[in-house]
J.: 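The structure that follows is given in the form of structure tokens.
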Amino acid sequence: MAYRHCRCSLALSGSIKGFLPHSPMPVAFRLLQLLLGLFLFGIASALMIRAGIGIAPWDVLSQGISARSGLAFGLVTNLVGVGVLLMWWPLRQKPGVGTVLNVLLIGPSAQLGLALLPAAQGLLWQTGLFALGLVLMAIATGLYIGARFGPGPRDGLMTGLHARTGWAIWKVRTLIEAAALATGGWLGGDVGWGTLAFALLIGPLCGLTLPLFDLRRRSGATPQQP
């Protein structure tokens, strides 16, 4: 769902329109990696939510909307994804298979995790659960981006606005996520020190997982020019 630093790697490695070069790895293997990454992403969100010490900006927004509307968090996550995807239209962005699956699958996965995981009790348990969720989200991000089926909806919004405005990637991402965080916090989403920890640590962690799960790099293919 925020993720400025790790998502910048996606924007800079592929086309500015949000498409990534095709990988020579078998499609079935790439699809399996994509699905696993999206499933783990939702579980990671659930882990951090159950930790109760603050969550990622886009999850803050979904949680805030869920609290005000009474809709399930997973459903709201899907609806937010659809809303962000609709913003691609005036930006002339084109979704990939991975983009659509991102919108459809992360919400149900997060809802499953919330149904299975109890709320953490005590600071030690909360910190451990949050740390597990943070690391798992970095792994999940590396998996689904590395499969090279197209960016997530928020990534495409970032690169689309960058192309339209000419603003730096980091500035566009910061403004988008700050808006999501502020709106979600105002609606009642969980903003805490974990939110700050997420902002500081997700980038370095994704810096490790993105090359680890990049199928094009692992296949030894020569990178294509954007």
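Remember, predicted model here, so these are calculated numbers, not experimental data. These values consider heavy atoms only, across backbone and side chains, with no hydrogens, waters or symmetry-generated copies.
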J.: Do any side-chain atoms of residues 123-139 form donor-acceptor pairs under 3.5 angstrom with protein atoms, and if so which ones, sequence neighbours left out?
T.:
residue	atom	partner	partner atom	Å
Gln126	NE2	Ala51	O	2.9
Thr127	OG1	Leu123	O	2.8

J.: Using the rule that two of Ile, Leu, Val, Met, Phe, Trp, Tyr join whenever any of their side-chain heavy atoms come within less than 4.5 Å, decide whether Leu75 and Leu86 are in one cluster.
T.: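 Same hydrophobic cluster.
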
J.: Do the side chain of Thr195 and the main chain of Ile55 share a donor and acceptor less than 3.5 angstrom apart?
T.: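 Between the backbone of Ile55 and the side chain of Thr195 there is a qualifying donor-acceptor contact (under 3.5 Å).
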
J.: Tell me whether Leu32 shares a hydrophobic cluster with Leu101, the cluster being built from Ile, Leu, Val, Met, Phe, Trp, Tyr side chains joined at under 4.5 Å.
T.: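 Cluster IDs for Leu32 and Leu101 differ.
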
J.: Please round to the nearest 0.5 Å and tell me the distance separating atom CG of Leu205 and atom OG1 of Thr141.
T.: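 The CG atom of Leu205 sits 10.0 Å away from the OG1 atom of Thr141.
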
J.: Between Val82 and Leu85, does the side-chain contact (heavy atoms from CB on, under 4.5 Å) criterion hold? Intermediate values first, please.
T.: CA-CA 5 Å; Val82 171; Leu85 192 56; 5.5 Å; no

J.: Nearest heavy-atom pair of Pro153 and Gly81: which atoms, and what distance?
T.: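 In this case the closest contact between Pro153 and Gly81 is CB-O, 4.0 Å.
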
J.: Tell me if a side-chain donor or acceptor on Thr183 pairs with a main-chain N or O of Ala180 at a distance below 3.5 Å.
T.: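 Checked: no pair found.
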
J.: When rounded to the nearest 0.5 angstrom, what is the spacing between CD1 in Ile176 and CG in Leu181?
T.: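 Ile176 atom CD1 to Leu181 atom CG measures 13.5 Å (nearest 0.5 Å).
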
J.: For the backbone of Asp59 and the side chain of Ser62, can you confirm whether one donor and one acceptor N or O come within less than 3.5 Å of each other?
T.: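 Answer holds: no.
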
J.: Please check: side-chain N/O of Arg68 versus main-chain N/O of Gly188, any donor-acceptor pairing under 3.5 Å?
T.: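 Flag not set: sc Arg68 to bb Gly188 has no pair under 3.5 Å.
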
J.: Calculate, to the nearest 0.5 Å, the distance between atoms CZ and CD belonging to Arg154 and Glu177 respectively.
T.: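 If we round to the nearest 0.5 Å, Arg154:CZ and Glu177:CD are 9.5 Å apart.
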
J.: Minimum heavy-atom separation for Ala72 and Ser66, please, with both atom names.
T.: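 Taking Ala72 first and Ser66 second, the nearest heavy atoms are C-OG, 3.9 Å.
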
J.: Checking Asp190 side chain against Gly54 main chain: does a donor-acceptor pair fall under 3.5 Å?
T.: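 Yes; at least one donor-acceptor contact below 3.5 Å.
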
J.: Give me the atom names and distance for the closest heavy-atom approach of Pro211 to Gly207.
T.: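 That closest heavy-atom pairing would be CD-O, 3.1 Å.
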
J.: Does Asp155 form a salt bridge (charged side-chain N to carboxylate O under 4.0 Å, His left out) with Arg173? I'd like the steps, not just the answer.
T.: CA-CA 9 Å; Asp155 303 313; Arg173 194 74 197 197; 3.5 Å; yes

J.: If you compare all heavy atoms of Pro151 against all heavy atoms of Trp88, which two are closest, and at what distance to 0.1 Å?
T.: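 Taking Pro151 first and Trp88 second, the nearest heavy atoms are CG-CH2, 4.0 Å.
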
J.: Can you find a heavy atom in the side chain of Asn102 that is under 4.5 Å from one in the side chain of Tyr144?
T.: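 Counting from C-beta outward, Asn102 and Tyr144 do come under 4.5 Å.
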
J.: Tell me the closest heavy-atom pair linking Gly185 and Val191, and the distance in Å.
T.: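 Taking every non-hydrogen atom into account, CA-CG2, 4.0 Å.
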
J.: To the nearest 0.5 Å, tell me how far Leu212 CG sits from Leu143 CG.
T.: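 Interatomic distance, Leu212 CG to Leu143 CG, rounded to 0.5 Å: 8.5 Å.
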
J.: Within the 4.5 Å heavy-atom criterion, are Val80 and Ile65 side-chain neighbours or not?
T.: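 Yes, side chains in contact.
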
J.: Given side chains that start at C-beta, do those of Phe198 and Pro57 come closer than 4.5 Å, heavy atoms only?
T.: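 They are in contact (side-chain heavy atoms under 4.5 Å apart), so the answer is yes.
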
J.: Do the side chains of Phe149 and Arg30 get nearer than 4.5 Å, heavy atoms only?
T.: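 Arg30 vs Phe149: side chains touch.
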
J.: Test of understanding: clusters of I, L, V, M, F, W, Y form through side-chain heavy atoms closer than 4.5 Å, transitively. Do Leu208 and Leu210 belong to the same one?
T.: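 As far as the 4.5 Å side-chain criterion goes, Leu210 and Leu208 are not connected within one cluster.
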
J.: To the nearest 0.5 angstrom, please state how far the CD atom of Gln63 sits from the CE atom of Met48.
T.: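 Nearest 0.5 Å value for the CD-CE distance: 11.5 Å.
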
J.: Donor-acceptor pair, Arg50 side chain versus Pro118 backbone, under 3.5 Å?
T.: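 The answer is no, because no donor-acceptor pair under 3.5 Å joins these two groups.
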
J.: Does Arg164 have any side chain to side chain contact (heavy atoms under 4.5 Å, CB included) partners at least two apart in sequence or in another chain, and if so, which?
T.: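 Expected list: Leu91, Arg92.
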
J.: Assess whether atom CH2 of Trp193 is packed by more than 12 heavy atoms of other residues, nucleotides or ligands within 6.0 Å.
T.: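 Result for CH2/Trp193: enclosed.
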
J.: In Å and rounded to the nearest 0.5 Å, what is the SG to CG distance from Cys206 to Leu201?
T.: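 Here the interatomic distance stands at 11.0 Å.
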
J.: Determine all donor-acceptor pairs shorter than 3.5 Å in which one atom belongs to a side chain in residues 103-117; sequence neighbours excluded.
T.:
residue	atom	partner	partner atom	Å
Ser109	OG	Phe39	O	2.4
Ser109	OG	Ile43	N	3.4
Gln111	OE1	Phe73	N	3.3
Gln111	OE1	Gly74	N	2.7

